[in-house]
Amino acid sequence: MTTTSFTLLGLGAMGRALGTTALDAGHSVTVWNRTPGKAAQLTARGAVEAASVRDGLTASNVIAVCLYDHSSIHEVLDAEASLLEGKVLINLTTTTPAEARELAASANAYGAAYLDGAIMATPEMIGREQAVILYAGSKEVVDSQRALLDAWGSVTYEGDDAGLASLWDLAMLTGMYSMFTGFLHGVAMLQSASVSAGSYARRAVPFLAAMTELLGHSTEHLDNRDYSQPTQSLTWTTTLLETVERASREQDISPAPIEMLQVLIRRQIDAGYGNEDFDRIIESMR
Ligand code: FVH
């Protein structure tokens, strides 16, 4: 199996997981972190700790960064960016699509190949099949560094637009956090009647799982932007949600998550689409 010698900048929870799994898979790692003292578990496995970013960039031809956000990447790399020439830069830090494209353009301007990675997993999952990491940018880098990428988790390649991995990642996260918010709103409503979160979850989780099954059943109307065959009309839905809001207030629980949804619904009703399907709220987001 091909092994890679690479440098890892950033030893937070995720960086340490990436370094550890790479070392366990036989790769050689030079590590650096802004705050010293985070490398012990890695040097114990044979990692070399670089004293500076410059030493880290000089030590390998493949540079992986797992920092905090877009600005932290520039804070770390800008002063030494000329050392990136002829190297591979793999960014595993969460950024927006535009920020990923900017990093790709900056890396390319310094003569480096750029691959953007969006980790759809927690540090504990890294190294296992279910750790999905989405990549976008240089296909050549995916191919040449495949052994390293495979050590981290399952690899998908979204295309040469460096922003695509981040777009997929953040679009999936918005669905997840909206679901979490609704779940927690339900927990709060039942807790106001002294029902435990566990009791609520035992009913809500299978219910929500069944409802999410419906999401993929028919999507053509979303691509055709035709909402004229309502399953539930916007007028019907807003009335039901007004009842949910009243119930929430009666229990002294803020209906804020539903109020946000009502804003999207009312915009369509006010535009004359009350008899169209609930899915038309997507038009309030464009
Ligand atoms: N942890 C998770 O579950 C998620 C899963 C999905 C992907 N994320 C992204 O991974 C990036 C790193 O996340 P993390 O959990 O490792 O984050 P921290 O433990 O907070 O470590 C942050 C590292 O970044 C360094 N850092 C922060 N700001 C700067 C800066 N201005 N200059 C240099 N380094 C910086 C920090 O260094 P230090 O504080 O130890 O000195 C850590 O090494 C992230 O994009 C997640 O969205 C993880």
Side-chain angles (χ1 to χ4, degrees), residues 1-33 38-50 53 55-67 73 76-77 83-95 100 103-104 107-108 110-166 168-169:
M1 184 206 63
T2 357
T3 56
T4 302
S5 169
F6 75 105
T7 287
L8 175 61
L9 306 178
L11 299 180
M14 184 56 78
R16 292 195 301 274
L18 294 168
T20 303
T21 48
L23 285 161
D24 290 349
H27 302 284
S28 313
V29 196
T30 297
V31 297
W32 172 87
N33 193 65
K38 300 274 183 83
Q41 81 184 63
L42 295 158
T43 48
R45 279 176 163 81
V48 173
E49 186 169 13
V53 172
D55 290 353
L57 294 179
T58 310
S60 320
N61 287 326
V62 178
I63 313 295
V65 292
C66 189
L67 296 166
I73 298 169
V76 168
L77 289 179
L83 292 173
L84 288 171
E85 186 169 359
K87 295 185 190 263
V88 165
L89 179 60
I90 303 173
N91 172 40
L92 294 153
T93 311
T94 302
T95 65
L103 289 168
N108 296 164
Y110 282 105
Y114 181 86
L115 183 66
D116 200 75
I119 303 174
M120 305 289 300
T122 59
E124 300 69 36
M125 295 163 69
I126 297 300
R128 304 210 301 259
E129 191 67 25
Q130 71 265 47
V132 173
I133 305 182
L134 315 176
Y135 292 97
S138 166
K139 181 71 169 59
E140 293 72 23
V141 174
V142 173
D143 296 339
S144 66
Q145 305 308 320
R146 188 62 192 243
L148 176 59
L149 305 185
D150 284 340
W152 286 334
S154 63
V155 174
T156 69
Y157 177 66
E158 305 301 335
D160 58 13
D161 169 359
L164 278 177
S166 160
W168 270 99
D169 178 26

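Because the structure is predicted, anything quoted here is derived from the model rather than measured. The first residue of the sequence shown is numbered 1, and numbering continues consecutively from there.
A 4.5 Å side-chain heavy-atom check between D150 and V155 finds at least one atom pair inside the cut-off.
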- Message: For L115 and Q145: C-alpha separation, side-chain torsions, deciding distance, then whether side-chain contact (heavy atoms from CB on, under 4.5 Å) applies.
- Response: CA-CA 10 Å; L115 183 66; Q145 305 308 320; over 6 Å; no
- Decide yes or no on side-chain contact (heavy atoms from CB on, under 4.5 Å) for I90 and L92, but give the supporting numbers first. CA-CA 6 Å; I90 303 173; L92 294 153; 4.2 Å; yes
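Applying the salt bridge (Lys or Arg N to Asp or Glu O under 4.0 Å) test to pairs two or more places apart or on separate chains, those with a residue in residues 14-29 are D24-R45. Within the structure, the salt bridge (Lys or Arg N to Asp or Glu O under 4.0 Å) test picks out the following pairs touching residues 130-140 (sequence neighbours left out): K139-D143.
Residues V29 and G19 come closest through the heavy atom pair CG2-O, 4.2 Å. Of all non-hydrogen atoms in T21 and A151, the two that sit nearest each other are CB-O, 4.0 Å. Closest heavy-atom contact between L67 and I73: CD1-CA, 3.8 Å. The minimum heavy-atom distance linking T2 with H27 is given by the pair O-CE1, 3.7 Å.
With sequence neighbours left out, the ring-ring contact (aromatic ring centres under 6.0 Å, His included) criterion links F6 to W152. With sequence neighbours excluded, the residues that form a side chain to side chain contact (heavy atoms under 4.5 Å, CB included) with S28 are S5. Every side chain to side chain donor-acceptor pair (under 3.5 Å) that Y114 has, sequence neighbours left out, goes to N91, D116. Scanning for side chain to side chain contact (heavy atoms under 4.5 Å, CB included) contacts around D160 gives Y157, with sequence neighbours left out. D161 meets the side chain to side chain donor-acceptor pair (under 3.5 Å) test with R101; sequence neighbours excluded. Remark: T20 engages Q41 in a side chain to side chain donor-acceptor pair (under 3.5 Å) (not counting sequence neighbours). Taking A50 as the reference, T30, W32, D55 meet the side chain to side chain contact (heavy atoms under 4.5 Å, CB included) condition, with sequence neighbours excluded. For the side chain to side chain contact (heavy atoms under 4.5 Å, CB included) test, residues two or more places apart in sequence or in another chain that qualify with E158 are L134, A136, T156, L164, W168. Under the side chain to side chain donor-acceptor pair (under 3.5 Å) criterion, T95 pairs with no residue, sequence neighbours left out.
Atom CG of L9 and atom OG1 of T93 lie 9.5 Å apart (nearest 0.5 Å). Distance check, rounded to the nearest 0.5 Å: CG of L8 to CG of L42 gives 7.5 Å. Interatomic distance, OG1 of T58 versus CD1 of I63, reported as 8.5 Å (0.5 Å rounding). Atom OG of S144 sits about 10.5 Å away from atom CG of N61, to the nearest 0.5 Å. To the nearest 0.5 Å, atom CG of residue N108 and atom CG of residue L103 are 10.5 Å apart. Of the inter-residue distances, the one linking L83 atom CG with T7 atom OG1 reads 11.0 Å to the nearest 0.5 angstrom.
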Quick one: side chains of residues 117-133, donor-acceptor pairs under 3.5 Å with protein atoms, not counting sequence neighbours, listed by atom name and distance.
unit_1: T122; atom_1: OG1; unit_2: E124; atom_2: OE1; d: 3.0
unit_1: R128; atom_1: NH1; unit_2: E124; atom_2: O; d: 3.1

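A donor-acceptor pair is defined here as one N or O able to donate and one able to accept, closer than 3.5 Å; such a pair exists between the side chain of K87 and the backbone of L57.
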